[in-house]
Amino acid sequence: MITFALHGIGVSGGIAIGRAQLVSHATLEVAHYTVPAARVDQEIARLDFAVDEVQKELTALHNTMMRSGEVPGEFGAFLDVHWMILNDPTIAEAPKRIIAEQRCNAEWALTQQMNVLIDQFDQIEDPYLRERKADVVQVVERVLKRLMGKPGSLPSAVAEERTILVAHDLSPADVIQFKQHHFAAFLTDLGGVTSHTAIVARSLAVPAVVATHNARQMIRDGEMLIVDGSSHVVIVNPDRAVLAEYRLKQSEKLKRLRSKPAETLDGQRVMLNANIELPGDLAQVLDSGANGVGLFRSEFLFLNRYGLPSEDEQFEAYRAVAAGLSGKPLTIRTFDLGADKQKADLEGLARVAPNPALGLRAVRFCLAEPKLFGTQLRAILRASHYGKVRILIPMLASVAEIDATIALIDEAKENLREQGEPFDANVPIGGMIEIPAAVLAMGGFLKRLDFLSIGTNDLIQYTLAVDRSDEAVSHLYDPLHPAIIKLIALAIGGANKAKVPIAVCGEMAGEVLMTRLLLGLGLRDFSMHPAHVPTVKQRVLGSDVGAIKPLVERIKRTDSPAKLAALIDKLNA
């Protein structure tokens, strides 16, 4: 076997070693044949059936994704986009006319219509909208695979090696669907840094190299591959020496980073915590070397189930994590239902707002339903006896909400005392900074709370009035908007001055390109998906806070997007 290397764009870092699994590229393999007049209706029905099957596939995938909690909820938006494209008349109806007029097979008609749409997209001046032609191609691919009788999921992995997907292109739906096979990495002929597939790969912490141009044609099923996302290279059929070298890199890096404290070059100690959604995520937290759990999204205990969890059920879940952390801190966010996380059982308890993101969600809902809230607070307090537990209140906008919440916590404590239940009477209480008003009125928060945590996802959404799950405006969602940087700087600076601990637990905390910016703004506590802890730790270890501070000060004063981008690049050089 010949050893060779392919170069592309590494869109998700890390090293993966495994066997190649080729993923069929249907549009490259479409036949063209004439259909007898008597069979035209049958051919149209075959197209309808394939479209219907893909609709069911996308629905099932969306439901599975939400139940598993392994994929961030906003990726449901990617599937929604594909659903809309699939149901658009230009895809669902126009090919039928081509079948009838040209008496051709459904695969050919669908491909011809796809080419027409691609030509139209190529004429669009807006680069973001022009890139959406990739979504059209990916939807057509799924329908073609159904028409051609090809599986929509992977066959079993080759031998005992972890699978590396090799494809001409992959949609976000493909990546999410194949996640259940625990594939090690993927590489594609097409793609770019900002593609939806790249975003999913980074979120799942799966090494990925795209834009390899001809990997699908040059690699065969079962061949040994090394994918180095950090170096933008794929090594095919590596010899023993190269294979041994990369395996040593994998094991040494993991061991070294897991046990090494996160400390900057100039001696600044940094806490790297993990975000989790269910008790089953604990093993990944421990493997990552995280300092603890900075965000337990407790609402996932309420979702995808019949009925509501009882106090005892919640207590057992919280206790399992608290005890499993063996003294490391556990921050439990009280349930944040509403907006993108709905629960049918709760609709009878409080009204459903026409705009949930601005309606009765998070702490607002909890205060409107004190009985339900009290049940959770008692469960959390009971768990505090078994570990270092902290309570985090989401979406606070005023000191009145803080006072009302603390009163309910005191009431829950009194109930437990009467019942003789042990708990930590001094459990720390913190608040999430997710609304611009909370940053601007933070003085009252600092006097009442033991710690703060910035939820950058919602802070960006509410500041810029952009729903990042809405395909039409998601490109306007910008963590580096000057207003966002100024708000985060104000929050961190205010907390540090008051000597109140503050963390960032939103997506920015796990984005390695943001690490030095946040360090320069004064942040010393990050919380992220466990998979991102090693890469962020590596960036912390290679950073000198004193050296980057002047550059960060320039970034804080910059309003020009072009200058800001240049400064961020310089910061990460």
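Side chain of Thr558 to main chain of Ser560: no donor-acceptor pair is present (N/O by atom type, distance under 3.5 Å, no hydrogens or angles). The backbone N or O of Leu278 lies less than 3.5 Å from a partner atom in the side chain of Asp281, making a donor-acceptor pair. A donor-acceptor pair is defined here as one N or O able to donate and one able to accept, closer than 3.5 Å; no such pair exists between the side chain of Glu507 and the backbone of Asn457. Using a distance-only test at 3.5 Å, with no hydrogens or angles considered, a donor-acceptor pair links the side chain of Ser12 to the main chain of Val206. Looking only at distances, no side-chain donor or acceptor of Thr264 sits under 3.5 Å from a matching main-chain atom of Val540. Side-chain atoms of Lys260 do not come within 3.5 Å of backbone N or O of Lys537 as any donor-acceptor pair.
Side-chain contact between Glu401 and Arg364: present, with at least one pair of heavy atoms (C-beta onward) separated by less than 4.5 Å.
A side-chain contact (heavy atoms from CB on, under 4.5 Å) with Arg390 is found for exactly one of Val293, Thr331, Ile429, Leu330, namely Thr331. Screening Asn275, Ile332, Ile276 against Leu295 for a side-chain contact (heavy atoms from CB on, under 4.5 Å) leaves a single residue, Asn275.
Ring pair Phe335/Phe302 is tilted by interplanar angle, where 30° to 60° counts as tilted.
Salt bridge present: Asp458 and Arg361 bring a charged side-chain N and a carboxylate O closer than 4.0 Å.
Heavy atoms only, all atoms of each residue included: Tyr477 and Gln461 are closest at CE1-N, 4.1 Å. Between Val500 and Asp450, the shortest heavy-atom contact is CG1-O, 3.8 Å.
In the model, Arg539 has a side-chain atom that pairs as donor or acceptor with a side-chain atom of Asn572 under 3.5 Å.
A distance of 6.0 Å separates CD1 of Ile492 from CG of Leu518, quoted to the nearest 0.5 Å. Taking OG of Ser543 as the reference point, atom CG of Leu265 lies at 7.0 Å (rounded to 0.5 Å).
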